[in-house]
Amino acid sequence: MPTAPRERLPIRLALWIVRAVLAVFIVLDEIARPLYRPLVRWVASLRLIHRLEEDVARLPRPLVLLALAVPFAVAEPLKLIGLIVMARGAFWTGLVVLGLAHLASFLIVERIYHAGREKLLSYSWFARIMGLLTRLRDQILGWVRASAAYAFAIRTRDAARRWWHGLTA
């Protein structure tokens, strides 16, 4: 028997809320990515990091998953806590928490994922989740990039770059 429209409403509302929260996190991550990309490249180039990545790649599949899960389980909730602290009026404290959580996320979690990607994706459930997250991210970024606000931001960024290059030329 099909579900009545009133019964589907809470489910649709819950899914809309989840999508909205994910959209905010994805957009914030995309905004922050150019700021931390040079740091990630530098850290990834360190000899110590190469050795640690090789060690992670040699781990058995369950231990790679555990090595990824532990820092992820700490960093991701801290991002939300940082936003909540900022919303409650402690802007700088929240910003520091958010910044440190992002730092942990892209310096630790991303390197572990990079090193153990093949083994992690050999879990079918993990591969499905990553595929879903990638499609969701691409969908949200496509929506954002199609917006007038994004076009304005890109024009402003390009104008600022031209201005800066004019000053330094």
Side-chain angles (χ1 to χ4, degrees), residues 16-57 64 67-118 120-121 126-127 129-169:
W16 184 87
I17 290 169
V18 167
R19 285 185 186 130
V21 169
L22 286 173
V24 168
F25 277 109
I26 289 169
V27 169
L28 287 175
D29 188 58
E30 290 299 316
I31 290 169
R33 190 173 303 272
L35 301 174
Y36 65 74
R37 193 173 292 139
L39 178 61
V40 171
R41 277 196 298 267
W42 176 75
V43 168
S45 72
L46 296 174
R47 188 169 172 77
L48 172 67
I49 299 302
H50 282 288
R51 279 193 237 135
L52 291 173
E53 286 179 357
E54 289 169 359
D55 291 343
V56 167
V64 172
L68 180 72
V70 171
F72 183 83
V74 172
E76 294 308 311
L78 278 176
K79 290 177 185 178
L80 183 58
I81 290 168
L83 290 174
I84 291 168
V85 169
M86 289 170 73
R88 291 193 171 178
F91 178 81
W92 294 110
T93 303
L95 188 62
V96 167
V97 170
L98 186 63
L100 290 175
H102 268 286
L103 185 66
S105 183
F106 61 74
L107 290 182
I108 299 169
V109 174
E110 207 168 288
R111 297 312 329 154
I112 293 170
Y113 177 76
H114 174 75
R117 186 175 190 274
E118 284 183 40
L120 292 167
L121 292 176
F126 191 92
I129 290 170
M130 290 307 296
L132 174 67
L133 289 174
T134 300
R135 285 190 305 277
L136 180 62
R137 184 199 67 214
D138 292 345
Q139 212 173 33
I140 290 169
L141 289 176
W143 172 75
V144 168
R145 289 179 177 142
S147 72
Y150 183 80
F152 174 75
I154 295 300
R155 285 193 309 272
T156 303
R157 179 203 66 192
D158 292 346
R161 283 183 178 167
R162 284 191 302 275
W163 174 78
W164 179 254
H165 289 302
L167 286 178
T168 59

> Once you round to the nearest 0.5 Å, how far does CZ of Arg51 lie from CG of Leu46?
10.5 Å
> For Ala115 versus Ala57, what's the shortest heavy-atom pair and its separation?
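Between these two residues, the closest heavy atoms are O-CB, 3.6 Å.
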> Would you mind writing out the side-chain donor-acceptor pairs for residues 81-94 within the sub-3.5 Å range, not counting sequence neighbours?
none

> What pairs with Leu48 under side-chain contact (heavy atoms from CB on, under 4.5 Å), at least two apart in sequence or on another chain?
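Partners of Leu48 under the side-chain contact (heavy atoms from CB on, under 4.5 Å) test: Leu52.
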> Could you work out, with side-chain contact (heavy atoms from CB on, under 4.5 Å) as the rule, every residue matching Leu120, not counting sequence neighbours?
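Leu120 satisfies side-chain contact (heavy atoms from CB on, under 4.5 Å) with Val64, Leu65, Leu68, Tyr113, Phe126 once adjacent residues are dropped.
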> With the side chain counted from C-beta on, respond yes when Gln139 and Arg135 share a heavy-atom pair under 4.5 Å apart, and no when they do not.
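Contact flag for Gln139/Arg135 side chains = no.
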> Under 3.5 Å, is there a donor-acceptor pair between the Ser105 and Glu110 side chains?
no
> Who passes salt bridge (charged side-chain N to carboxylate O under 4.0 Å, His left out) against Arg137, sequence neighbours left out?
none
> Looking at CD1 of Ile129 and CG of Leu121, how far apart are the two atoms once the value is rounded to the nearest 0.5 Å?
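So the CD1 of Ile129 and the CG of Leu121 are separated by 11.0 Å.
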> Are the side chain of His102 and the backbone N or O of Lys79 linked by a donor-acceptor pair below 3.5 Å?
no
> Listed by chain and number, what are the side-chain contact (heavy atoms from CB on, under 4.5 Å) partners of Ile154, not counting sequence neighbours?
Tyr150, Arg157, Asp158
> If you look at every heavy atom in Gly116 and Val56, which pair is closest and at what distance?
N-CG1, 4.2 Å
> Check side chain to side chain donor-acceptor pair (under 3.5 Å) between Asp138 and all other residues, then give those that pass, not counting sequence neighbours.
none
> Applying side-chain contact (heavy atoms from CB on, under 4.5 Å), can you list everything that pairs with Arg41, at least two apart in sequence or on another chain?
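With sequence neighbours excluded, Arg41 shows a side-chain contact (heavy atoms from CB on, under 4.5 Å) to Arg37, Pro38, given in chain and number order.
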> Run the side chain to side chain contact (heavy atoms under 4.5 Å, CB included) test on Ile108 and Leu103 for me, step by step, so that the C-alpha distance in whole Å, both residues' side-chain angles and the decisive distance to 0.1 Å come before the verdict.
CA-CA 8 Å; Ile108 299 169; Leu103 185 66; over 6 Å; no
> Closest approach of Leu78 and Ala101, non-hydrogen atoms and distance?
CB-CB, 3.6 Å
> Quick one: salt bridge (Lys or Arg N to Asp or Glu O under 4.0 Å) pairs with a partner in residues 93-105, sequence neighbours left out?
none
> Could you state the interatomic distance from CG (Leu80) to CG (Leu98), rounded to the nearest 0.5 Å?
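The distance works out to 10.0 Å.
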> Side chain to side chain donor-acceptor pair (under 3.5 Å) with Glu53: which residues, sequence neighbours excluded?
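By the side chain to side chain donor-acceptor pair (under 3.5 Å) rule, Glu53 matches Arg111.
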